[in-house]
**Student:** 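Mind having a look at this structure? Questions to follow.
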2 protein chains.
Amino acid sequence: MVSIRDVAKHASVSVATVSRVLNDKGYVSVETRKKVEAAIAELNYRPNEVARSLFKKQSKTLGLILPDIMNPFFPELARAIEDTAAKLGYTVILCNSDEDEEKAQRYLDILLQKYVDGIILASNTIREKTIRELNIPVVCIDREISKDIPTIVVDNKKGARTATQFLKDKGRKRIAHIRGPFDVSNANERCEGYLGIVSSEDWFTESYIINGNYHMETATKVALALLQSHPEVDGIFAANDTMAIGAMKAAYQHGLKVPEDISIIGFDGIALAKASIPELTTIEQPLYALGQKAAKVLIQLIEGQEIEKSFHQFDVQLVEREST
Amino acid sequence: MVSIRDVAKHASVSVATVSRVLNDKGYVSVETRKKVEAAIAELNYRPNEVARSLFKKQSKTLGLILPDIMNPFFPELARAIEDTAAKLGYTVILCNSDEDEEKAQRYLDILLQKYVDGIILASNTIREKTIRELNIPVVCIDREISKDIPTIVVDNKKGARTATQFLKDKGRKRIAHIRGPFDVSNANERCEGYLGIVSSEDWFTESYIINGNYHMETATKVALALLQSHPEVDGIFAANDTMAIGAMKAAYQHGLKVPEDISIIGFDGIALAKASIPELTTIEQPLYALGQKAAKVLIQLIEGQEIEKSFHQFDVQLVEREST
DNA sequence: TTGTAGGCGTTATCAC
DNA sequence: GTGATAACGCCTACAA
């Protein structure tokens with residue numbers, strides 16, 4: 001690897017001068033600059049980012065900690081973050097935490113040791129205090145940890161209301177809800193939204209709320225049980241698309257036609273929703289925009305720019321397809 | 001951030017000694033070691049990886065360049081790679097190349113500047129020469145660039161033969177193929193496999209091979225056109241699952257029932273295949289194992305261990321579900 | 001306008 | 001056994 005010293009020698013100047021033209025800082029005569037640039041080109045020199053990082057105490061690297069990139073919700077987010085980061089000169093380290101606090105903590109340590117400039121975090125196990133102690137900018141996404149930490153989320157409650165109301169408007173009389181995990185904030189918000197619409201209905205009972213874990217298989221199982229015990233159910237709002245697909249499977253297994261016999265609506269707007277047959281009606285999150293925003297805010301924070309506001313709640317949109 | 005110097009001072013020893021206990025290298029008396037360890041614990045000291053990297057010229061970081069993490073084929077691969085890397089003490093930088101040579105090249109440069117220790121590459125735009133010039137270990141995955149570069153792939157041809165033969169065995173008489181892009185090696189291999197089974201059939205014509213691009217929408221379009229112009233087609237082997245789903249959509253749009261009127265089989269075994277209704281029969285790749293192997297081989301290469309062989313071709317497995 | 005030199009936090013080579 | 005000290009490649013006072 002050719003170093004700044006080689007360039008200096010080649011151009012018969014000092015390393016300081018080379019550094020100056022490299023960073024466009026300080027005075028350099030046009031002539032010397034040209035000489036240096038020629039040397040750089042000739043030697044195909046590229047500054048060593050590690051040395052730079054050591055000196056500057058920052059690495060132009062972001063950490064991205066999410067539960068599991070295999071969860072179809074995250075790839076689009078990750079892509080948006082990576083795109084935006086790249087555009088702004090940053091690189092991103094991918095970490096899968098599996099919602100495991102210890103694992104997340106380990107990644108946090110490693111990222112710190114590697115001098116990452118900031119972290120984007122989708123987690124419900126990490127607490128505010130831990131984040132504060134990191135002493136580097138952190139942006140939370142999808143899951144809110146504290147109002148005092150920059151956060152990019154979506155209006156879950158409103159989206160859930162929209163979904164439930166939509167089912168009602170479609171003439172559905174008994175609307176059930178497959179909720180997400182209790183320790184995930186958005187799952188609780190979505191459940192609240194659902195309740196906001198149905199809790200005053202005379203038919204409503206708690207048994208219309210069944211517990212899912214955001215995964216398909218479990219959703220199929222619990223939905224099937226629901227359909228068996230409550231054959232009157234004619235509409236399901238699942239707290240995410242994956243579970244909605246699971247519910248569709250359950251409906252078929254139970255001999256029900258979607259959407260003729262039962263309407264199913266999801267939440268998230270992942271690619272899967274468009275790939276299912278019938279295609280899934282869902283509450284679509286602007287996933288790419290969320291990721292983009294997260295990266296932008298984080299980098300602003302890193303670069304010390306003033307942030308207008310730190311809590312961003314995006315709107316969500318009903319996309320009607322074939323399952324309702 | 002507390003540095004090795006702070007620890008040294010705290011333990012009243014020299015930095016050299018601290019370094020020795022840190023790396024378990026050289027002689028350190030039990031007593032001093034204990035002192036140092038106490039100081040480390042007390043100050044909660046963690047060595048600075050950047051400084052380490054600078055000195056050692058390696059960063060315990062891997063680069064992962066793939067076309068697009070949003071393509072459902074890649075998350076599982078990425079996850080396996082990240083898991084394995086983490087277990088072995090490495091971290092991974094995610095890069096999306098969009099099959100764009102220039103973009104990939106840019107990432108390569110950046111990764112080099114960051115001293116990554118090795119790169120895992122899924123690309124068909126980068127040439128062998130470019131890889132050689134990197135002067136760091138590279139392993140290719142999913143797409144073969146050269147027999148001389150460590151590569152992890154699957155027996156595409158055989159898998160394609162299996163798929164096509166399976167359709168035949170199911171009694172399908174006119175089997176079409178939606179192929180992948182011409183510049184992707186596995187697409188060509190899969191097409192060859194298909195041809196191996198059908199090219200000698202008397203009904204076979206080139207018009208049974210239609211061009212897809214591994215994406216769903218296009219597949220739906222071309223499959224629909226095929227079904228219209230060739231209503232006799234009763235089986236489709238799509239070169240990947242995403243296109244197989246697209247073909248299912250086309251079948252439904254055309255008024256055909258799957259699998260009653262037409263059988264459809266995919267390739268890859270992505271999660272989507274299990275989520276579709278009906279569930280997709282497919283040729284399943286051991287995705288996680290592939291990623292794991294890639295990471296392991298790369299790290300072996302990095303750590304200078306001898307590699308038994310560098311070209312790994314995994315077997316593929318027919319998974320029969322509901323679409324055939 | 002340019003060069004010298006010290007330091008970022010580690011590791012490794014020598015002395016002692 | 002332990003401690004100075006010179007790298008690693010870069011940046012930035014400070015001098016010249």
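Note on naming: letters A, B, ... go to the chains in the order of the sequence lines (proteins, then strands), and numbering restarts at 1 for each one.
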**Student:** Is it true that B:Arg52 and B:Glu49 have a side-chain N and a carboxylate O under 4.0 angstrom from each other?
**Tutor:**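 Yes, charged N to carboxylate O under 4.0 Å.
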
**Student:** Can you name the salt bridge (charged side-chain N to carboxylate O under 4.0 Å, His left out) partners of A:Lys147, sequence neighbours left out?
**Tutor:**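 Salt bridge (charged side-chain N to carboxylate O under 4.0 Å, His left out) list for A:Lys147, sorted by chain: A:Glu144.
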
**Student:** Could you give the distance from CD1 (B:Ile149) to CZ (B:Phe311), rounded to the nearest 0.5 Å?
**Tutor:**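 Here the rounded value is 11.5 Å.
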
**Student:** Please list, in 5' to 3' order, the outermost nucleotides of DNA chain D lying under 4.0 Å from any heavy atom of chain B.
**Tutor:**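 Nucleotide range with atoms under 4.0 Å of chain B: D:dG1 to D:dG9.
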
**Student:** Residues of residues 19-38 of chain A with any non-hydrogen atom less than 4.0 angstrom from an atom of DNA chain C: list those, numerically ordered, please.
**Tutor:**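 Heavy-atom contacts with DNA chain C come from A:Arg20, A:Tyr27, A:Val28, A:Ser29, A:Thr32.
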
**Student:** So how far is it from A:Cys95 SG to A:Ile69 CD1, rounded to the nearest 0.5 Å?
**Tutor:**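 The SG atom of A:Cys95 sits 11.0 Å away from the CD1 atom of A:Ile69.
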
**Student:** Between A:Thr130 and A:Leu108, is the side-chain contact (heavy atoms from CB on, under 4.5 Å) condition met? List the steps.
**Tutor:** CA-CA 9 Å; A:Thr130 313; A:Leu108 250 22; 4.2 Å; yes

**Student:** Which residue pairs satisfy the salt bridge (Lys or Arg N to Asp or Glu O under 4.0 Å) criterion with at least one member in residues 109-120 of chain B, sequence neighbours excluded?
**Tutor:**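 Salt bridge (Lys or Arg N to Asp or Glu O under 4.0 Å) check on residues 109-120 of chain B returns A:Arg46-B:Asp109.
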
**Student:** Quick check for you: to the nearest 0.5 Å, what is the distance between B:Phe74 atom CZ and B:Asp142 atom CG?
**Tutor:**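 Going from the CZ atom of B:Phe74 to the CG atom of B:Asp142 covers 5.0 Å.
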
**Student:** With sequence neighbours left out, write down each residue that passes salt bridge (charged side-chain N to carboxylate O under 4.0 Å, His left out) with A:Glu133, or none if nothing qualifies.
**Tutor:**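 Once residues adjacent in sequence are excluded, the partners of A:Glu133 under the salt bridge (charged side-chain N to carboxylate O under 4.0 Å, His left out) criterion are A:Lys129.
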
**Student:** As an exercise, state the distance from CG of A:Asn71 to NE2 of A:His215, rounded to the nearest 0.5 Å.
**Tutor:**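 Answer for the CG-NE2 pair, A:Asn71 versus A:His215, is 6.5 Å.
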
**Student:** Does the side chain of B:Ile4 reach to within under 4.5 Å of the side chain of B:Tyr45, using non-hydrogen atoms?
**Tutor:**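 The answer is yes; the side chains approach within 4.5 Å.
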
**Student:** Provide the full list of salt bridge (Lys or Arg N to Asp or Glu O under 4.0 Å) pairs with a residue in residues 286-303 of chain A, sequence neighbours left out, each pair given once.
**Tutor:**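 Qualifying pairs, neighbours excluded: A:Lys60-A:Glu303.
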
**Student:** Rounded to the nearest 0.5 Å, how far does CG of A:Leu111 lie from CD1 of A:Ile93?
**Tutor:**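 It comes to 5.5 Å.
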
**Student:** Check whether the side chains of B:Tyr214 and B:Asn186 place a donor and an acceptor atom closer than 3.5 Å, and report yes or no.
**Tutor:**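 B:Asn186 and B:Tyr214 do have a side-chain donor-acceptor pair below 3.5 Å.
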
**Student:** Output every pair passing salt bridge (Lys or Arg N to Asp or Glu O under 4.0 Å) with a member in residues 72-89 of chain B, not counting sequence neighbours, ordered by first then second residue.
**Tutor:**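 Sorted result for residues 72-89 of chain B: A:Asp68-B:Arg79, A:Asp98-B:Arg79, B:Arg79-B:Asp83.
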
**Student:** With salt bridge (Lys or Arg N to Asp or Glu O under 4.0 Å) as the rule and sequence neighbours excluded, what pairs involving residues 6-25 of chain B come up?
**Tutor:**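 Residue pairs with at least one partner in residues 6-25 of chain B: B:Asp24-B:Arg33.
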
**Student:** Got a sec? Which of residues 4-15 of chain A come in under 4.0 Å of DNA chain C, heavy atoms?
**Tutor:**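 Residues of residues 4-15 of chain A under 4.0 Å from DNA chain C: A:Val13, A:Ser14.
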
**Student:** Taking any atom under 4.0 angstrom from a heavy atom of chain A, which nucleotides of DNA chain C are the first and last to qualify, 5' to 3'?
**Tutor:**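 Contacts span C:dT1 to C:dG9, reading 5' to 3'.
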
**Student:** I need the residues from residues 42-61 of chain B with at least one non-hydrogen atom less than 4.0 Å from DNA chain D; give them sorted by number, or say none.
**Tutor:**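 Heavy-atom contacts with DNA chain D come from B:Leu54, B:Phe55, B:Lys57.
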
**Student:** If an axis is fit to five pairs at each end of the helix from C:dT1-D:dA16 to C:dC16-D:dG1, what is the angle between the two, to the nearest 10°?
**Tutor:**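 The helix from C:dT1-D:dA16 to C:dC16-D:dG1 shows an end-to-end axis angle of 50°.
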
**Student:** Under the side chain to side chain donor-acceptor pair (under 3.5 Å) test against B:Arg143, which residue among B:Asn124, B:Thr125, B:Asp183, B:Thr151 passes?
**Tutor:**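 Output: one option passes, namely B:Asn124.
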
**Student:** Look up atom CD1 in B:Ile152 and atom OG in B:Ser310, then write down how far apart they are to the nearest 0.5 Å.
**Tutor:**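 Here the interatomic distance stands at 8.5 Å.
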
